[in-house]
Colleague: 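Mind looking over this structure? Questions follow.
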Amino acid sequence: MTHIIEGDDRVSLVEMGPRDGLQNEAVRLTLPQKRELITRLAASGLQRIEVGAFVSPRRVPQMADSAELLAMLPRQGPVRYGALVPNLQGLQAAIQARVDEIGLFTACSDGFTRANIGIGVEESLVRFAPLVAEARRLGIKVRGYLSTVIACPFDGPTSPKRVAAVAERLLDLGCHEISLGDTTGVGTLGTVVPMLDAVLREIPAGRLAVHFHDTYGQALTNLIPALERGIRTIDSSVAGLGGCPYAPGASGNVASEEVVYLLQGLGMSTGVKLDALAATGQWVSEQLGRPNGSRVGRALSARRTGHTVDAQEGNCHAT
Ligand code: HMG
Ligand code: MG
């Protein structure tokens, strides 16, 4: 196969379904359902799975059982479980629950950061410094999420320079990786490319991940320049689940099935078995009583069952 994307062929997916996905679903899965989702995702070959968030249960009730969930998950094997942490209380709970990786989260814009965690960007960075130090002292990896890299639902467009500056601050605190979030999925190639170029002038591609929500159907397209520029870590969500409850209008992350299908087509490897992943996407959509948000998932599911796909609704009809 001709290699369209130069460089390393291996891409690592960070699965967001159980956290970014479920945090925004109206239907709450039970603990056994969540455990089954995560064990199925792991069995499909995903090795980094964000399973929960140690945030206020009043703000995000779907994540309130994160500690109990972590206690139920199998710990042997290569899978790393991550969880979001907004403050010291969250860090202490995450340590107690034996997470493998914590995700601290801030944004480029004060409007979103205030709506999300109640403080501005600068204050969040000050708050995070001792949290990173403590997590690292205990050997827990720290990922830094940077939201609103293209635009903020409250403050408007974000300048690429601003993204680079805050990303550098997160890296300097000791985060091993910065996940660049197009929180509301408004980016196009016209805005994503300048953003990536500005960040890559300051930070090597190996320390970056991209986290694109698919609200306007641009996420898969926007992954291409990231891959071309050497970024090899992609956040995605099985069945395209999710969104952020504090970003009005945002829909789910790019579907994991779409990303694996794209990468297979480019001759790149993820270690993920697409059929198993797609079956899990179909299964969790049924548990949630919602259409499967992955087109690849719907197509593979239709092929499995001999049905046709209704592309608008994601329903399968018998032929
Ligand atoms: P607050 O109300 O400003 O904080 O919340 P507070 O310190 O005044 O505490 C108020 C209450 O919350 C107290 O309880 C605390 O104990 C409790 P009370 O005494 O009233 O009963 N509390 C906590 N409970 C559990 N865990 C904690 C915790 N901290 C305080 N860690 C806080 C501040 C940050 C907690 C709140 O604003 C919050 O939980 N925000 C989380 C919002 C969230 O989870 N958003 C979604 C994830 S971010 C995202 O999706 C974007 C991302 O995907 C990237 C992208 O797409 O761009 C990552
Ligand atoms: Mg997100």
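Counting convention: from 1, in listed order, for ligands and their atoms alike.
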Colleague: Relative to the Mg ion (ligand 2), which of the N, O or S atoms in Asp20 is the closest?
Modeller: OD2
Colleague: Taking the six-membered ring of Tyr145 as reference, does the NZ or CZ atom of Arg19 fall below 6.0 Å from its centre and within a 45° cone about the axis?
Modeller: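 The answer is yes; both the distance and angle limits are met.
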Colleague: Tell me whether Asp214 contacts the main-chain N or O of Ala219 through its side chain, where contact means a donor paired with an acceptor under 3.5 Å.
Modeller: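 Side chain of Asp214 to backbone of Ala219: a pair is present.
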Colleague: Got a second to check how far Gln47's CD is from Asp100's CG, nearest 0.5 Å?
Modeller: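 Nearest 0.5 Å value for the CD-CG distance: 12.0 Å.
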Colleague: Counting only nitrogen or oxygen atoms and a 3.5 angstrom limit, does Asp182 reach ligand 1?
Modeller: no
Colleague: For the atom pair CG (Leu223) and CD1 (Ile5), what is the distance rounded to the nearest 0.5 Å?
Modeller: 10.0 Å
Colleague: Within a distance under 4.0 Å of any heavy atom of Tyr145, pick out the atoms of ligand 1 and give their elements.
Modeller: 58 (C)
Colleague: What atoms in ligand 1 come closer than 4.0 Å to a heavy atom of Pro86?
Modeller: 31 (N), 34 (C)
Colleague: Just let me know how His213 lines up against ligand 1, side chain, backbone, both or neither, with a heavy-atom cut-off below 4.0 Å.
Modeller: side chain
Colleague: Between Phe112 and ligand 1, is there a nitrogen or oxygen pair with a distance under 3.5 Å?
Modeller: no
Colleague: Taking Asn253 for the side chain and Gly21 for the main chain, is one N or O donor matched with an acceptor at less than 3.5 Å?
Modeller: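 The answer is no, because no donor-acceptor pair under 3.5 Å joins these two groups.
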Colleague: Asn116 to ligand 1: N or O pair under 3.5 Å?
Modeller: yes
Colleague: For Gln33 and Thr30, does a side-chain donor sit closer than 3.5 Å to a side-chain acceptor?
Modeller: yes
Colleague: Please determine if Arg127 has a nitrogen or oxygen closer than 3.5 Å to a nitrogen or oxygen of ligand 1.
Modeller: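 There is no such contact.
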Colleague: At under 4.0 Å between heavy atoms, is it the side chain or the backbone of Arg114 that contacts ligand 1, or both, or neither?
Modeller: neither
Colleague: Under 4.0 Å from a heavy atom of Asp20: give me the atoms of ligand 1 that qualify, with their elements.
Modeller: 53 (O)
Colleague: Would you say Gln96 and Gln92 are linked by a side-chain donor-acceptor pair, where the criterion is simply a distance under 3.5 Å?
Modeller: no
Colleague: Within a distance under 4.0 Å of any heavy atom of Ser147, pick out the atoms of ligand 1 and give their elements.
Modeller: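 Near Ser147, the atoms of ligand 1 are 51 (C), 54 (C), 55 (C), 57 (O).
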Colleague: From atom 18 (P) of ligand 1, work out which of Glu50, Arg58, Met16 has a heavy atom at the shortest distance.
Modeller: Arg58
Colleague: Is the distance from the Mg ion (ligand 2) to some N, O or S atom of Asp235 under 2.8 Å?
Modeller: no
Colleague: Tell me whether Val55 has any N or O atom under 3.5 angstrom from an N or O of ligand 1.
Modeller: yes
Colleague: Determine, using heavy atoms of Pro57 and all atoms of ligand 1, whether some pair is separated by less than 4.0 Å.
Modeller: yes
Colleague: Can an N or O of Phe54 be found at a distance shorter than 3.5 Å from an N or O of ligand 1?
Modeller: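 Looking only at distances, the answer is yes, because the N/O contact criterion of under 3.5 Å is met.
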Colleague: So what does the His213 NE2 - the Mg ion (ligand 2) - His211 NE2 angle come to, to 10°?
Modeller: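 The two atoms subtend 90° at the Mg ion (ligand 2).
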Colleague: Check each atom of ligand 1 against the heavy atoms of Leu84 and keep those under 4.0 Å away; list them by number with element.
Modeller: 47 (C)
Colleague: Scan side-chain atoms only and decide if Gln23 and Gln62 contain a donor-acceptor pair under the 3.5 Å cut-off.
Modeller: no
Colleague: Hey, which atoms in ligand 1 end up nearer than 4.0 Å to a heavy atom of Val60?
Modeller: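 In order of numbering, the contacting atoms are 43 (C), 44 (O).
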